[in-house]
Amino acid sequence: MLHRIEGEQLVKAVDLNGHLVRLKIQPAADTAMLLIEFPQNEPPEIRTAAACYVREWFGLDEDLEPFYAMARKDPLLAPVVSAHRGLRLIGIPDLFEALAWAIIGQQINLPFAYTMKKRLVETYGEALPGEDPWSGPERFFPRPDVIAALTPDDLRPLQFSGRKAEYVIGVAQLLEEGRLSKRSLLRMEAAEARETLLAIRGVGAWTADYVGMKCLRHPSAFPAADAGLHQALKIGLGLGRKPLPAEIEQAAAGWRGFEAMATFYLWQSLL
DNA sequence: AACCAGGGAAGAT
DNA sequence: ATCTTCCATGGT
């Protein structure tokens, strides 16, 4: 799989400037630090790249206090941040993975979406040598050039609908052709990046904001139409039904600048 | 069986 | 511009 948990260790294969390494990440005892373990001696620049990767993946450079100061005064968020104190927004640093995962998750239940992603990774993702007897080898998320060469019929056996297959392949082709890149999106203002994403077939407001949250780390990205967010509001506000657009707007009125964190914490409250 | 699920495109008005 | 329909599939 893409990553696995082994006791206290999180294991993931990552591509660091062309170096394919298996990282083992675990909390360092009695400190607030993380320990990153390498299988063999890697040069210092790769160790640094690994640290940067982990910092971005888990948003370690973000100061949570301003968000907490806001959330403590918000009756909906207060109990959620209290229950998950210290949690950071777990990102999806790779743009193709973020877009593909968002498209896969459109309009289907989450367990099935995970199954589809797993099939995609195990069918088209490159394996890192060395195998775990139970979970199989660590795999990388499929490279855009591999998916770009497929036709929708190739993905049908994985139970992709024709549309999902078209969307994912189309995004892979944009990336492979260099007409879309995370680097260029990060150079733009958040609103411009959002418009760029919305122009892609298969990417609507929800997907653009999801990618803004999880990949570009735009603090104000807010997938207001998200079904999980609606579920959290239904429960948190005791509505007994899905919230109306006006109720969502009212709930989020005080979240300015922290919409992404608020949404992420509310998703956590559903687990 | 009906409705929902971490929507979006295409067509209709 | 905004509303409606269709897309596909598994879970509850």
Side-chain angles (χ1 to χ4, degrees), chain A residues 2 59 76-77 80 84 87-92 94-121 123 141 150-174 180 194-237 239-249 251-252 255 258-271:
Chain A
L2 270 179
L76 179 64
L77 293 177
V80 180
H84 300 277
L87 177 71
R88 288 153 187 284
L89 197 156
I90 300 169
I92 306 176
D94 180 69
L95 178 60
F96 182 47
E97 183 177 345
L99 275 164
W101 171 235
I103 290 166
I104 288 171
Q106 288 171 3
Q107 192 57 21
I108 60 173
N109 61 74
L110 227 30
F112 180 47
Y114 284 124
T115 300
M116 289 174 70
K117 182 180 181 183
K118 187 168 190 285
R119 289 177 182 149
L120 185 71
V121 167
T123 307
F141 193 78
L150 302 180
T151 66
D153 280 343
D154 294 319
L155 295 178
R156 298 308 294 263
L158 314 189
Q159 284 180 286
F160 277 60
S161 66
R163 290 290 172 79
K164 272 191 207 307
E166 288 172 24
Y167 296 166
V168 171
I169 292 169
V171 166
Q173 289 171 344
L174 287 176
L180 174 70
R194 185 174 188 274
E195 291 304 314
T196 303
L197 289 168
L198 284 174
I200 300 168
R201 182 170 145 84
V203 177
W206 178 83
T207 302
D209 290 321
Y210 182 88
V211 170
M213 272 182 70
K214 300 273 284 186
C215 185
L216 306 179
R217 290 192 167 277
H218 291 155
S220 295
F222 182 41
D226 180 76
L229 177 72
H230 297 173
Q231 180 69 8
L233 262 54
K234 171 184 171 181
I235 296 168
L237 300 174
L239 293 174
R241 54 166 173 76
K242 284 201 307 186
L244 304 170
E247 291 168 329
I248 298 166
E249 191 181 341
W255 301 352
F258 303 103
E259 288 91 340
M261 284 296 290
T263 301
F264 187 74
Y265 267 75
L266 288 170
W267 284 343
Q268 291 301 312
S269 74
L270 299 173
L271 299 180

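These values consider heavy atoms only, across backbone and side chains, with no hydrogens, waters or symmetry-generated copies. Quick caveat: nothing in here was measured; it's all calculated off a predicted structure. Lettering of chains follows the sequences in order, A, B, ..., and the numbering in each one begins at 1.
Note: A:T207 OG1 to A:I200 CD1 = 10.0 Å, rounded to the nearest 0.5 Å. Rounded to the nearest 0.5 angstrom, A:R88 CZ and A:Y265 OH are separated by 8.0 Å. In this structure, the separation between OG on A:S220 and CH2 on A:W255 is 12.5 Å, given to the nearest 0.5 Å. Note that the CG atom of A:L150 and the CZ atom of A:F160 stand 10.0 Å from one another [nearest 0.5 Å].
C:dC3 sits 22 Å from B:dA5 when the C1' atoms are compared, rounded to a whole Å. Nucleotides B:dC4 and C:dC7 have their C1' atoms positioned 16 Å apart, rounded to a whole Å. Look at the P atom in both B:dG11 and C:dA8: the space between them is 14 Å, to the nearest Å. Atom P of B:dG6 sits at a distance of 28 Å from the matching atom of C:dT2, rounded to the whole Å.
A salt bridge is defined here as a Lys NZ or Arg NE, NH1 or NH2 lying under 4.0 Å from an Asp or Glu carboxylate O, and A:R241 with A:E247 meets this definition.
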Checklist line | Worked check of side chain to side chain contact (heavy atoms under 4.5 Å, CB included) between A:M261 and A:L89 | finding: CA-CA 7 Å; A:M261 284 296 290; A:L89 197 156; 3.8 Å; yes
Check against side chain to side chain contact (heavy atoms under 4.5 Å, CB included), A:Y210 and A:L99:
CA-CA 9 Å; A:Y210 182 88; A:L99 275 164; over 6 Å; no
Practice problem: Just do the side chain to side chain contact (heavy atoms under 4.5 Å, CB included) check on A:L266 and A:L77 with the steps written out, would you? | Solution: CA-CA 7 Å; A:L266 288 170; A:L77 293 177; 3.9 Å; yes
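Using a 4.0 Å heavy-atom distance criterion, A:A113 is classed as making no nucleic acid contact. A:L198 comes within contact range of no nucleotide atom at all, as no heavy-atom separation falls under 4.0 Å. Using a 4.0 Å heavy-atom cutoff across all strands shown, A:T115 reaches no nucleic acid atom at all.
Mapping A:I200 and A:Q231 onto DNA chain B by nearest heavy atom places A:Q231 at the nucleotide closer to the 5' end.
You can see that DNA chain B meets the heavy atoms of chain A within a 4.0 Å-exclusive cut from B:dA5 to B:dA10, reading 5' to 3'.
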In B/S/- notation (B base, S sugar-phosphate only, - none; protein heavy atoms under 4.0 Å), nucleotides 1-8 of chain C written 5' to 3' is -------B
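In this pair, A:Y114 and A:W101 present their aromatic rings parallel. The plane angle is below 30°, not in the 30 to 60° band.
Look at CG on A:L110: it is 15 Å from C1' on C:dT12, rounded to the nearest Å.
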